[in-house]
Amino acid sequence: MGDKKKKSIVRLNSQDEALGLFGNRDENLKWLEREAGVTCSYRDGEVKLSGALAAQAAEMLERLLERLRKGGSVTGADFKYGAMLINGDGDEGEDAVVKTHNGTGRSISPRSPTQRDYIRAIMKNDLVFAIGPAGTGKTYLAVAVAVNCLAEEAVKRIIICRPAVEAGEKLGFLPGDFQEKVDPYLRPVYDALFAMMNFEKCRRLMDTGVIEVAPLAFMRGRTLEDAYVILDEAQNTTVEQMKMFLTRLGSRSRAVITGDVTQIDLPPEKMSGLVDAERRLRSLPEIKFVRFSKLDVVRHELVAKIIRAYESENGEGDVN
């Protein structure tokens with residue numbers, strides 16, 4: 001009975017911190033109460049926790065609060081993963097934390113068990129496939145590890161490519177030179193890079209060729225050595241393109257291939273190179289496949305609900 005009376009306090013500096021930490025209608029605190037078996041109350045800038053795991057829950061809240069104060073965000077997924085750690089169902093070892101080396105000393109930690117396994121996989125394997133829905137951090141974490149490897153001189157350059165396939169839309173004629181025409185397809189990759197390092201440093205590395213962002217077609221005929229290579233949106237590669245990409249890897253290179261097989265924008269008669277590659281290569285022990293599901297979505301809580309709604313309407317099974 002004595003354990004159940006344990007209490008801890010977490011102090012907040014503002015109502016904005018409370019809103020960012022607790023979530024809409026305090027849903028994050030309610031999740032923590034339900035999953036960790038603690039009682040939470042908030043008054044006068046203090047979160048009071050009681051229960052056998054109150055100290056562990058308070059430590060988790062302090063960690064998430066620190067993220068908020070550094071300009072990050074907190075989602076329900078963070079609380080779900082935190083509750084798992086509190087209950088002893090997971091670990092957040094040092095090998096699952098990525099240093100971005102962007103001048104701020106900021107670290108990126110996993111926000112779901114699958115993210116943890118993904119980070120470990122891409123640190124330990126030369127070729128990793130990450131398959132799952134939008135918002136699960138597949139590209140973001142791959143870029144984070146790439147920047148880390150470059151900073152530690154494990155590789156000499158980063159190469160990130162995407163197939164230039166329109167997502168169910170006909171964009172028609174695009175004005176400008178070639179780079180301006182392909183930039184819209186590559187914008188999400190730029191966003192991930194700029195999140196890892198300051199804009200000026202990133203541009204300087206791009207200008208010198210240390211970081212290259214290009215359409216997949218630019219990889220043909222090349223041998224990529226001493227490089228960390230990311231193929232994003234791989235569900236929109238053809239079988240031939242995927243084979244071409246996989247055979248570009250040279251010595252001291254590693255690759256991460258990301259995609260969502262529920263969002264294929266190829267013509268119906270074309271098989272996705274990502275689907276085909278998983279079928280052909282899954283049995284090879286040197287290649288790691290990581291499967292994300294809607295439970296791993298770390299964007300706005302609505303994103304997971306939207307994914308579930310579309311799966312239900314289309315009669316699709318779970319994508320994990």
Side-chain angles (χ1 to χ4, degrees), residues 114 118 121-122 125-143 159-172 174 181-182 184-189 213-224 227 229-250 253-294 296-297 306-320:
T114 311
Y118 180 43
I122 57 183
N125 296 272
D126 288 339
L127 181 57
V128 176
F129 286 80
I131 302 173
T136 50
K138 302 184 300 296
T139 303
Y140 185 84
L141 291 174
V143 173
I159 300 171
I160 310 176
C161 58
R162 271 185 160 207
V165 176
E166 295 168 350
E169 305 169 76
K170 295 300 181 185
L171 300 179
L174 293 173
K181 292 178 189 293
V182 300
Y185 297 105
L186 304 172
R187 178 51 51 190
V189 175
V213 180
L216 175 59
F218 274 36
M219 300 301 109
R220 190 172 299 278
R222 300 173 63 181
T223 299
L224 308 176
V229 192
I230 300 171
L231 172 57
D232 194 34
E233 295 290 313
Q235 76 275 5
N236 287 328
T237 62
T238 64
V239 174
E240 295 78 13
Q241 286 175 324
M242 178 62 76
K243 179 182 177 182
M244 179 272 291
F245 175 81
L246 291 173
T247 54
R248 297 308 92 199
L249 294 180
S253 287
R254 59 177 68 183
V256 178
I257 298 168
T258 71
D260 178 1
V261 294
T262 69
Q263 297 192 44
I264 298 172
D265 298 310
L266 295 169
E269 68 274 10
K270 289 281 190 181
M271 174 176 277
S272 166
L274 180 59
V275 174
D276 180 71
E278 183 176 20
R279 177 180 63 83
R280 293 175 187 265
L281 306 176
R282 191 166 191 98
S283 62
L284 296 180
E286 301 89 347
I287 300 175
K288 180 70 174 178
F289 284 83
V290 179
R291 272 280 188 169
F292 289 84
S293 79
K294 56 182 176 287
D296 299 300
V297 171
I306 290 168
I307 291 171
R308 284 196 296 271
Y310 273 90
E311 287 177 353
S312 175
E313 180 72 20
N314 296 331
E316 297 174 359
D318 203 56
V319 294
N320 64 340

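Quick note: numbers below take in every heavy atom, side chains included, and nothing from hydrogens, waters or symmetry partners.
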| task | Check the surroundings of atom CZ in Arg282: do more than 12 heavy atoms from other residues, nucleotides or ligands lie under 6.0 Å from it? | result |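 Count over threshold, so yes.
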Quick check for you: to the nearest 0.5 Å, what is the distance between [X] atom [atom1] and [Y] atom [atom2]?
X      : Y      : atom1 : atom2 : result
Phe245 : Met219 : CZ    : CE    : 8.0 Å
Ile160 : Leu216 : CD1   : CG    : 13.5 Å
Ile122 : Leu127 : CD1   : CG    : 12.0 Å
Thr238 : Lys270 : OG1   : NZ    : 6.0 Å
Asp276 : Gln241 : CG    : CD    : 12.5 Å
Leu246 : Leu281 : CG    : CG    : 6.5 Å

Any side-chain to backbone donor/acceptor pair from [X] onto [Y]? Under 3.5 Å, distance only.
X      : Y      : value
Arg162 : Asp232 : no
Tyr118 : Val290 : no
Arg248 : Met244 : yes
Asn236 : Pro163 : no
Thr258 : Ala130 : no

Which atom pair, heavy atoms only, marks the closest approach of [X] to [Y]?
X      : Y      : answer
Ala234 : Ser272 : O-OG, 4.2 Å
Ala134 : Gln263 : CB-NE2, 4.1 Å
Gln235 : Gly259 : OE1-CA, 3.2 Å

| query | Which of parallel (below 30°), tilted (30 to 60°) and perpendicular (above 60°) describes Phe129 and Phe289? | reply | parallel
Do [X] and [Y] come close enough that some side-chain heavy atom pair is under 4.5 Å?
X      : Y      : result
Ile159 : Leu224 : yes
Glu278 : Arg291 : yes
Ile264 : Val275 : yes
Asp260 : Ile131 : no

